[in-house]
Amino acid sequence: SHPLDLRLPTPGCFADPERAGLDADAVFDGMTEHLFFTLGKLAPTASNHDLYMALSYAVRDRLMTRYLASLEAIRARPHKTVAYLSAEFLIGPQLNSNLLNLGISKDIAEQALRRFRIESLDQILEVEEEPGLGNGGLGRLAACYMESLASLQVPAIGYGIRYEFGIFNQLIRDGWQVEVTDKWLKGGWPWELPQPEEACFVGFGGRTESYTDGKGNYRSRWIPSEHAIGIPHDVPVLGYRVNTCNRLRLWRADATESFDFYAFNIGDYYGAVEEKVGSETLSKVLYPNDGTDEGRRLRLKQQHFFVSCSLQDMLRSLGNRGIPIEEFPNHWTVQLNDTHPAIAVAELMRLLIDEHYLDWDTAWDITTRSVAYTNHTLLPEALEKWDLTRFRSLLPRHLELIYEINRRFLQQVRLRYPGNDAIQRKLSIIDEDGGKAVRMANLATIAAHHVNGVAALHSDLLKRQLMPEFAEIWPEKFTNVTNGVTPRRWVALANPALSRLLDEHVGPEWITNMELLTKLEERQHDTAFLEQWGATKLSVKRKLAGYIHRQTGVLVDPSSLFDVQVKRIHEYKRQHLNALQVITHYLRIKNGQAEGMAPRTVIFGGKAAPGYYMAKLIIRFINGIAETINADPDMEGRLRVVFLPDYNVKLAEQIYPASDLSEQVSTAGKEASGTGNMKFAMNGALTIGTLDGANVEIRERVGPENFFLFGKTETEIMELQTNGYRPRQIVETLPELAEALRLIGLGHFSNGDGELFRPLLDNLTGFDPFFVLADFADYLRAQDEVNQAWTNRKQWNRMSLLNTARTGFFSSDRSIQDYCQTIWKAEPFPVEITCDVP
Ligand code: 475
């Protein structure tokens, strides 16, 4: 490849930080300029936020050579690019990860900061506002994948929505969750580059009409009644110590000035303003549901908005380079992150047929060779379905195209299963049972060249349970890519103490090749090293203990076992199973049966969807338990319970490294993969978990002797379900459980209010839809094993070390390599920048 000499101010020479502008003097000079010219501030009066902004701008400047060189490289020499379409990107704080990937060490940053009388980088990182543009696992996965794509030098662009308000901030008031608007943009966000000249128009509503073109061809077109403009806001995504700097392109909806002329001309000033306000609300707020489909009209509008902008952007980039449209699949590989962007199938067909005048077969060939679909959940309540009438009123042309896609597909089905009406009804994109609806998973599956699940078990269940007929028709379409997490953020940045140890004993290459961590196994019997391993963990726990005290006022003992469950609150994730375990632990202490039980700190964190009553009650329940236990003198030095409010990426970075025990206790078959489970294990926490999602693969890799397994398997759960499950009978056989439930019913954890947790008790003893009671006894047994293992600290440290050593597989670098080879057929494209700049 040809090195680019862009004659740009900061060359990409990692070998020579001074000439690359990455030394302390250059960073200081950059900060000084930005303080003065960009922010209009004088150094002596600058606040920490001002200094955060100045440092961020100075760092952003240093991304630009690589950013522009990466864009220019692709423009000059086309190469297949990954388009990752996702309604969510939960990217987390940006400053520290850009410092790391650029190669500006903490020491260099602090040298620069000291000249502004700031002693530690942490003081500056603290004030950074994180963009909460996602709910949980799915959005965070997209962010890890963008980071790994860049680090592996694969050209990629992430397409999404620039929500003005991200996931709400969570307060806890009287034990209840309170949602507060997330105004992440209020202080200015320095990491985005708006590109108003690349705006796109998107239509909604209206009608379709048929016409005959100049050549006598019969055609259709869409006459929308409403429009929005999408303005791209680009966020640079730099790879680790490479020149590749990809982009996250987030669309902000703006008013459609050119379309309000009519209203202005008749003097309807307010009417025109109304349309302006209406189109702006499109990118206003993220829907805070994780794992449920609300079927709201505005949500479908958001989806079509960002998908249409993104596809137009891809087509335009081919046009700009004079590449024929038939070449689309060789230049773009389009990944649908769940069905949220699945309207892309119909929109790409519409753009190709109605606007680029291709025939159906050519358009379908292009679409199906470009698009692939990742499924993230089997829960029926999460599968997106759009009411047909609503869908037609918003996207009438898309519905016509979907009908035609469906007609052709069902013809194939009829040939394959003649006379089998049930199969046709089941596979149809249109749900005809009850209120008619469009099934987005069926649309995505029919069009995609690959459909993948996110862990081995999940991909298997996807094939065998959710889509057996599709898998029979297209066996080669279905595949697995087990999720992964980026070791840059989740080890190097989050856990500098551990990273130093790994650098020393494995060598710094672990950070881009996590399989090297197996070298740690050589140390598994080295007493001194194991002690150092334990001491490192303890040092990180001290920091978290400080944070817990500042946030909640609860004093926790850093040498106690930190037992942690952080994730969205959901019944299938079973935080209430963990809470019941805590009550049992408490009762054993109360009843003098706690001999040999090591001191524990049980930590919870996570948000509940604002409309999910049972999840919110579970938060109240945990806080009730915490209040009772933490106030009881008998619990002093033995048991502490903490609910950390407002769990987000920034807080997660504090929590994973400080954990001893990772709670992964979902009902088998319900958690598609989990990714927190990987972050815990990499940071040396042991897992207590069910055979669900990626837990299965984590256990296989770390070894069953280094994992606390409990609970029914997916098959056993299915059997229970079909044979009739009676949770009340379980209570009768388990006195500890009965006592816990009795106390809850007496209001022991709710200041005497026996009614507060009644719905939770009724749920558990009535239907218990997630088999909490069915797994309770085995869970307690596994918790006793945990306690035993913790008592032999050398043994525990060894198990912890083996967890870190053997979880290299769960690096998102490995996941991305899987996607590149099996689904995308995309390859690295190193960007060269000459260092010989004057
Ligand atoms: C799974 N979010 C995890 C993770 O693959 C898995 C749903 C509807 C609307 C908005 N967001 C959602 C999810 O479905 C989601 O986050 N799924 C999660 O994806 C990454 O590790 O098991 O629950």
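As the structure is a prediction and not an experimental result, all values here were calculated from the model. As the structure lists them, so they are numbered: ligands from 1, and atoms in each ligand from 1.
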Novice: List, ordered by chain and residue number, the protein residues whose closest non-hydrogen atom lies under 4.0 Å from any atom of ligand 1.
Specialist: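 Lining ligand 1 at under 4.0 Å, by heavy atoms, one finds Glu88, Asn135, Gly137, Leu138, Leu141, Asn289, Asp290, Gly291, Arg299, His340, His376, Val454, Asn483, Tyr572, Glu671, Ala672, Ser673, Gly674, Thr675.
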
Novice: Out of the candidates Glu714, Lys712, Arg574, only one should pair with Thr667 under the side chain to side chain contact (heavy atoms under 4.5 Å, CB included) rule; please name it.
Specialist: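 With Thr667 as partner, Glu714, Lys712, Arg574 yield a single side chain to side chain contact (heavy atoms under 4.5 Å, CB included), made by Arg574.
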
Novice: Validate the cation-pi geometry between Lys284 and Tyr163: distance from NZ or CZ to the six-membered ring centre under 6.0 Å, angle to the ring axis within 45°.
Specialist: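 Geometry flag: not set, cation outside 6.0 Å or 45°.
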
Novice: Which residues pass the side-chain hydrogen bond (donor to acceptor under 3.5 Å, both in side chains) test with Thr807, not counting sequence neighbours?
Specialist: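 Thr807 satisfies side-chain hydrogen bond (donor to acceptor under 3.5 Å, both in side chains) with no other residue.
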
Novice: Report the relative orientation of the aromatic rings in Trp474 and Phe470; use parallel for angles under 30°, tilted for 30 to 60°, perpendicular for over 60°.
Specialist: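 The rings of Trp474 and Phe470 lie parallel, inter-plane angle below 30°.
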
Novice: Using the test salt bridge (Lys or Arg N to Asp or Glu O under 4.0 Å), find all partners of Asp290 that sit at least two apart in sequence or belong to another chain.
Specialist: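 For Asp290, no residue satisfies salt bridge (Lys or Arg N to Asp or Glu O under 4.0 Å) once neighbours in sequence are set aside.
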
Novice: Got a sec, which residues hit side-chain hydrogen bond (donor to acceptor under 3.5 Å, both in side chains) with Asn135, two or more places apart in sequence or on another chain?
Specialist: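 Listed in chain order: Glu88, Arg568.
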
